[in-house]
Amino acid sequence: MRRARRTARELAVLHPDAHCELDFTSPLELAVATILSAQCTDKRVNEVTPALFRRYPDAAAYAGADREELEALIRPTGFFRNKASSLIGLGAALVERHDGEVPGRLEDLVQLPGIGRKTANVVLGNAFGVPGLTVDTHFGRLVRRFGWTELDDPVKVEAVVAELLPKSDWTMFSHLVIFHGRRVCHSRKPACGACGVAALCPSYGLGPTDPEVARTLVKGPA
DNA sequence: ATCCCGAGGG
DNA sequence: CCCTCTGGAT
């Protein structure tokens, strides 16, 4: 399907500034931020991580963290009990199995507490430069609207897209669809009238197609 | 399939 | 009120 590669190329033109929007300075910080980003906006994650990273500078710090103190620091991101357990378990597992460092292989990453396939691929792509598709809620929604698949299972969706796009595009494409999903192709009311890849999308017309209406949806009322 | 869970938009 | 936000573990 050539349409897939064309769509990826057009998205790159539309969103030249697309990138990982989580703030981090190390693989560990990225892993922690990504765990916190589950069912939460990256903006909110970035509001809690400065204090978090200061308080817990390495894996051992998370392993020995006081649960209540940790929960208080991450509470605004939601699911704070589960996430606190994941972070404490992550720190302990890193100290035990990986000398306190975050491993750079998918097989090792997905064995760590709180790190599933999506989070593992985020860490690989943005901290280790290893190509990976990060199939989250945005990724799945857009790829289905693009008509590339009707499957819902993230692992299957990943396999489909892996066949359609060259590996060298995987990490950037993930950023692009997530960015496009946030700015234009909203879950609820997609701004089809303001969408630069509408001509390549079989779902065009799903949302408002009037450019004026779409503009207010994207940028907010003037 | 279900639970975890805070915050903001409509 | 309902839905959604860069999911993962049971």
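The basis for the numbers below is simple: all heavy atoms, side chains too, and nothing from hydrogens, waters or symmetry mates. Below, read A as the first sequence line, B as the second, and so on, with proteins coming before strands; counting in each chain starts at 1.
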### Query
Can you give the first and last nucleotides of DNA chain C, 5' to 3', that have an atom under 4.0 Å from a heavy atom of chain A?
C:dC3 to C:dA9
### Query
Sequence neighbours excluded, which residues qualify as side-chain contact (heavy atoms from CB on, under 4.5 Å) partners of A:Thr49?
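A:Thr49 satisfies side-chain contact (heavy atoms from CB on, under 4.5 Å) with A:Ala33, A:Leu36, A:Val45, A:Asn46, A:Phe53 only.
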### side-chain contact (heavy atoms from CB on, under 4.5 Å) against A:His19, all qualifying residues, sequence neighbours excluded
A:Glu21
With rounding to whole Å, what would you report as the distance between [N] and [M] at their [atom1] atoms?
N	M	atom1	value
B:dG9	C:dT6	P	13 Å
C:dT10	B:dC5	P	14 Å
C:dT4	B:dC4	C1'	16 Å

#### Entry: Comparing A:Arg182 and A:Val110 on DNA chain C - which has the more 5′ nearest nucleotide
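Its nearest nucleotide lies further toward 5', so the answer is A:Arg182.
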Give the residues of [range] touching DNA chain C, defined as any heavy atom closer than 4.0 Å, sorted by residue number.
range	result
residues 19-47 of chain A	A:Cys20, A:Glu21, A:Ser37, A:Ala38, A:Gln39, A:Cys40, A:Thr41, A:Asp42
residues 59-79 of chain A	A:Phe79
residues 126-152 of chain A	A:Asp136, A:Thr137, A:His138, A:Arg141

Looking at [Y] and [X], is there a salt bridge between them, counting it only when a charged N and a carboxylate O are closer than 4.0 Å?
X	Y	result
A:Glu71	A:Lys83	no
A:Asp152	A:Arg144	yes
A:Asp169	A:Arg9	no

Would you give me the side-chain donor-acceptor pairs under 3.5 Å for residues 95-102 of chain A, sequence neighbours excluded?
unit_1	atom_1	unit_2	atom_2	d
A:Arg97	NH1	A:Gln111	O	3.3

## Note on the structure
Taken to the nearest 0.5 Å, the spacing of A:Leu22 CG from A:Ile35 CD1 works out to 11.5 Å
### Message
Working note: A:Val160 + A:Val157, criterion side chain to side chain contact (heavy atoms under 4.5 Å, CB included); need CA distance, chi angles, decisive distance, verdict.
### Response
CA-CA 5 Å; A:Val160 168; A:Val157 171; 5.7 Å; no
### Query
Of the options A:Ile178, A:Thr7, A:Leu11, which is the one that meets A:Phe173 in a side-chain contact (heavy atoms from CB on, under 4.5 Å)?
A:Leu11
### Task
Step through the shown structure and confirm whether more than 12 heavy atoms of other residues, nucleotides or ligands are within 6.0 Å of CD on A:Glu163.
no
Distance-only check: which donor-acceptor pairs under 3.5 Å involve side-chain atoms of residues 120-128 of chain A, not counting sequence neighbours?
unit_1	atom_1	unit_2	atom_2	d
A:Asn121	ND2	A:Arg117	O	3.4
A:Asn121	ND2	A:Leu133	O	3.1
A:Asn126	OD1	A:His175	NE2	2.9
A:Asn126	ND2	A:Val122	O	2.9

### Query
What is the distance, rounded to the nearest whole Å, between atom CZ of A:Phe80 and atom P of B:dC4?
11 Å
### Query
Does anything in residues 58-93 of chain A pair up under ring pair (Phe, Tyr, Trp, His ring centres under 6.0 Å), and if so which pairs, sequence neighbours excluded?
A:Tyr56-A:Tyr62
### Task
Pick base, sugar-phosphate or nothing for A:Leu90, based on heavy-atom distances below 4.0 Å to the nucleic acid.
nothing
#### Entry: Hphob cluster co-occupancy, A:Leu109 + A:Ile88, side-chain heavy atoms under 4.5 angstrom
yes
### Task
Strictly below 4.0 Å, heavy-atom distances to any atom of DNA chain B: list the hits from residues 153-175 of chain A, or just say none.
none
### Message
Checking A:His180 now: which residues fulfil ring-ring contact (aromatic ring centres under 6.0 Å, His included) with it, not counting sequence neighbours?
### Response
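A:His15.
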### Message
Going by the rule ring-ring contact (aromatic ring centres under 6.0 Å, His included), which residues pair with A:Phe146 if we only count those two or more places apart in sequence or in a different chain?
### Response
A:Trp148
### Task
Apply salt bridge (Lys or Arg N to Asp or Glu O under 4.0 Å) to A:Glu158 and A:Lys118, showing your working.
CA-CA 10 Å; A:Glu158 182 182 332; A:Lys118 179 262 176 180; over 6 Å; no
